[in-house]
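Here the structure comes first, spelled out in structure tokens, and everything after it is commentary.
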Protein chains: 2
Amino acid sequence: MTTKKRITLREVAEAVGVHVSTVSRALGPNTRHLINSDVVEQVIRASRQMDYRRHAAAYSLKTNRTKTVGVIVPDITNAIFPPMIRGIEDSLSTAGYLAIVGNTDGDNERERTLLDTLVGRGIDGLILASVERKDDVFDLAASESIPIVTVNRRPDRDSVHSIVHDESEGVRRALTHLVSLGHRRIAMIAGPQTLSTGAERYAAFVQSRSSLNLDSDESLVAFAQAYNESAGEHCVEELIAAGHTFTAILCANDRLAVGALAALSRRNLICPKDVSVTGYNDMPMVDRIDPPLTTIRIQQYRMGFEAGSMLQKLMNGESPAQVVVLPVELVIRSSTARVLDGR
Amino acid sequence: MTTKKRITLREVAEAVGVHVSTVSRALGPNTRHLINSDVVEQVIRASRQMDYRRHAAAYSLKTNRTKTVGVIVPDITNAIFPPMIRGIEDSLSTAGYLAIVGNTDGDNERERTLLDTLVGRGIDGLILASVERKDDVFDLAASESIPIVTVNRRPDRDSVHSIVHDESEGVRRALTHLVSLGHRRIAMIAGPQTLSTGAERYAAFVQSRSSLNLDSDESLVAFAQAYNESAGEHCVEELIAAGHTFTAILCANDRLAVGALAALSRRNLICPKDVSVTGYNDMPMVDRIDPPLTTIRIQQYRMGFEAGSMLQKLMNGESPAQVVVLPVELVIRSSTARVLDGR
DNA sequence: CTATATCATGCAAACGTTTGCAGACAAGAA
DNA sequence: TTCTTGTCTGCAAACGTTTGCATGATATAG
């Protein structure tokens with residue numbers, strides 16, 4: 001229970017009998033070569049034995065680098081993000097970086113103050129999972145001229161570094177799957193059009209729909225205001241109220257699909273017997289719900305990991321590929337089935 | 001795209017025409033009273049207008065406080081933790097603290113290096129959600145003499161500050177519920193006995209079982225090695241293999257219950273017709289699985305929030321209550337039903 | 001009117017690093 | 001020998017704050 005004193009460079013310098021600058025150099029991998037190797041040896045041993053740890057604040061003050069990056073997500077409570085965050089952390093930690101993550105809850109004001117806090121702390125880089133297509137917070141961050149990479153989403157702007165998925169391929173696969181089961185009248189619950197994923201998946205839907213020669217009735221798509229369950233429910237109500245018949249719903253997101261499922265069963269429509277449903281993201285637990293959801297799997301962890309390494313390159317002054325797009329995968333479970341004859 | 005220069009105290013001092021120390025004092029809420037109030041006014045206006053932000057590293061170097069706390073969880077990917085983390089962040093942010101969260105994955109080595117990183121960064125306090133009953137990492141952290149509060153779990157040690165739930169009340173309610181449905185032979189899947197929750201829920205089970213006059217056949221309990229789905233599956237296999245009959249399983253955790261459900265259905269046992277199952281925690285989505293799980297609801301967000309405020313008191317040198325125990329709630333869904341006659 | 005208390009501000013040191021510069025010393029070349 | 005070159009190490013400044021102490025001015029008391 002004795003209060004441990006913090007060891008400083010000065011103290012290990014005294015212990016070894018050299019100057020503090022020598023110790024500093026001996027400890028830095030990049031400056032080590034300037035110092036005689038047995039001195040290096042001694043210094044390292046002493047510092048280990050005395051349990052020396054560099055004072056992070058002092059280091060930052062001097063070098064203006066914090067070895068810290070900010071990560072802004074909409075809501076860590078959303079099961080998509082934790083794996084992504086793990087990916088970011090794992091890739092960052094290899095180079096001694098630490099991630100500070102904050103939530104915006106979709107609130108622009110909150111996002112702005114969060115950003116303020118982070119740059120106030122002097123982060124070396126920023127990873128945004130929260131970015132909208134036109135996003136003044138992004139612009140603000142960019143004007144601070146710190147390296148940024150967006151993940152999962154992109155702003156409508158050129159020259160932004162980002163990791164995304166192949167959205168059009170994803171919806172193409174889902175739609176093709178549905179068609180292969182005999183569905184012709186397929187509705188969509190589209191995501192918020194202010195988000196790149198929402199817009200791209202919707203665009204891909206109309207594109208694939210026409211290339212598959214499906215009915216292209218615009219009233220077969222409902223636009224969700226947010227990616228959550230209640231928006232999903234609301235959208236199927238809307239779809240049903242519009243009076244059009246459909247045998248399948250392609251949802252822009254798993255949470256929308258979960259809501260859709262709930263709304264359908266409240267209407268006594270059975271999935272997949274009466275209507276098939278597909279999701280998007282393959283978030284955790286979606287294989288255990290009733291019925292297990294057919295969905296598009298994205299690579300959450302990998303997306304984060306790639307974002308981390310891209311950001312590191314940026315912070316090192318290198319020029320990584322501007323955008324990397326990851327492949328997706330269709331995973332078929334029980335929420336989709338062959339369409340019944342009569343319909 | 002112009003690189004913004006960082007404003008320092010010196011620059012705002014020059015702008016106002018006073019000394020930097022005056023500016024420093026004028027900006028600090030605790031030192032403000034030393035300065036003439038119109039000077040304070042001017043300083044504040046100037047600093048606002050110039051967009052001054054205190055250099056966090058310099059502040060830390062001087063004061064030895066980072067306004068940062070470390071949060072260590074087993075795995076942020078586990079749906080229990082994100083709400084808790086939100087609670088921590090929200091309570092901390094009111095006082096300008098920031099949380100850095102790290103994962104241990106149950107790996108003691110990893111936890112140690114994580115702790116090292118965190119104290120290296122000079123965190124002002126620590127919140128542990130990962131602690132085991134005997135935990136040398138906890139001891140290590142305690143020896144650094146930084147304030148600690150553990151959340152959800154406690155080590156087997158006196159004088160540790162923590163936020164927990166009323167475990168025995170929780171299992172008592174679950175068990176009573178099962179009994180009220182006519183169950184008499186009730187199995188338990190207990191959690192890891194190295195964790196306080198595991199041990200306490202198990203102890204509460206044997207206690208409640210005897211006070212409810214149930215068969216107390218020790219072979220009716222299986223011990224899981226970890227709180228996850230596959231451990232749950234494995235445990236019901238074990239239970240079945242032991243050859244004893246039971247009409248209900250009380251699980252120490254939702255994830256164990258989810259695994260149990262999977263194993264049962266693989267054995268063609270239908271829940272709740274053939275066997276009822278209860279979980280613990282009421283984690284997200286558990287109301288959407290098949291069948292919706294009867295479980296004990298704990299207050300994840302609140303737990304985090306309380307932990308945050310307790311830690312703040314500790315960091316301010318106050319002496320908060322040593323342990324606060326939060327009430328739980330039984331939520332009845334469809335995984336429990338009246339026992340069938342013949343059995 | 002002088003002495004003293006009070007208030008507001010400035011001065012300068014310190015926190016623990018990193019790093020440009022210069023000096024010491026040894027070894028090799030002329 | 002002397003000059004050059006190279007290798008290793010020390011010196012000291014600087015990063016942006018906070019804070020104990022000293023100082024000047026102003027108000028109050030005697």
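Letters A, B, ... are given to chains in the order of the sequence lines, protein chains preceding strands, and every chain is numbered from 1.
Across the interface with DNA chain D, nearest-nucleotide mapping of B:Tyr59 and A:Thr63 shows A:Thr63 to be the residue nearer the 5′ end.
Counting only heavy atoms from C-beta on, B:Val18 has its side chain closest to C:dG10 among D:dT17, C:dT17, C:dG10. Minimum atom distance to the side chain of B:Ser21 is reached by C:dA12, of the listed C:dC15, C:dG20, C:dA12. For B:His19, the listed nucleotide lying nearest its side chain is C:dC11; candidates were D:dC11, C:dT17, C:dC11.
Side-chain atoms of A:Thr68 and B:Arg121 include a donor-acceptor pair closer than 3.5 Å.
Atom CD1 of B:Ile7 and atom P of D:dT17 are 10 Å apart (whole Å). Following rounding to the nearest Å, B:Lys67 (NZ) and D:dT17 (P) show an atom-to-atom distance of 16 Å. Rounded to a whole Å, the CG atom of A:Leu61 is 17 Å from the P atom of C:dA14. If you take CZ of B:Arg10 and C1' of C:dC11, they are 15 Å apart, rounded to a whole angstrom. Between the CG atom of B:Asn64 and the P atom of C:dT17 there is a distance of 11 Å, rounded to whole Å. Between the C1' atom of D:dT17 and the CZ atom of B:Arg54 lies a distance of 9 Å, rounded to the nearest Å. Spacing between atom NE2 of B:His55 and atom P of C:dT17 amounts to 16 Å, rounded to whole angstrom units. With rounding to whole Å, B:Arg6 atom CZ is found 14 Å from D:dC15 atom P.
Using a 4.5 Å heavy-atom cutoff, the side chains of A:Asp156 and A:Ser196 are not in contact. For the pair A:Arg32 and A:Ile44, the minimum side-chain heavy-atom distance is below 4.5 Å. Taking the side chain as every heavy atom from C-beta outward, A:Ser130 and A:Val73 never approach each other to under 4.5 Å. For the pair A:Tyr227 and A:Leu195, the minimum side-chain heavy-atom distance is below 4.5 Å.
Of all non-hydrogen atoms in A:Ser60 and A:Thr66, the two that sit nearest each other are OG-CA, 3.6 Å. Between B:Ile76 and A:Pro82, the closest heavy-atom pair is O-CB, 3.5 Å.
In this structure, B:Arg110 places its CZ atom where more than 12 heavy-atom neighbours from other residues, nucleotides or ligands lie under 6.0 Å away.
Taking 4.0 Å as the cut-off between side-chain N and carboxylate O, A:Arg157 and A:Asp135 do not count as a salt-bridged pair.
Counting atom types as modelled, B:Arg25 pairs a side-chain N or O with a base atom of D:dG20 as donor and acceptor under 3.5 Å. Between the side chain of A:Arg53 and the base of C:dG16 there is no donor-acceptor pair of N/O atoms closer than 3.5 Å.
An OP1 or OP2 oxygen of C:dT18 is reached within less than 4.0 angstrom by a side-chain nitrogen or oxygen of A:Ser24.
Among the protein residues, B:Val20 comes within range of the nucleic acid bases, having at least one heavy atom under 4.0 Å from a base atom.
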Subject >> Footprint string (nucleotides 22-27 of chain D, 5' to 3'): B base within contact, S backbone only, - free, heavy atoms under 4.0 Å >> reply: ------
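Residues of residues 29-49 of chain B that place a heavy atom closer than 4.0 Å to DNA chain C, in numerical order, are B:Leu34, B:Ile35, B:Asn36, B:Val39.
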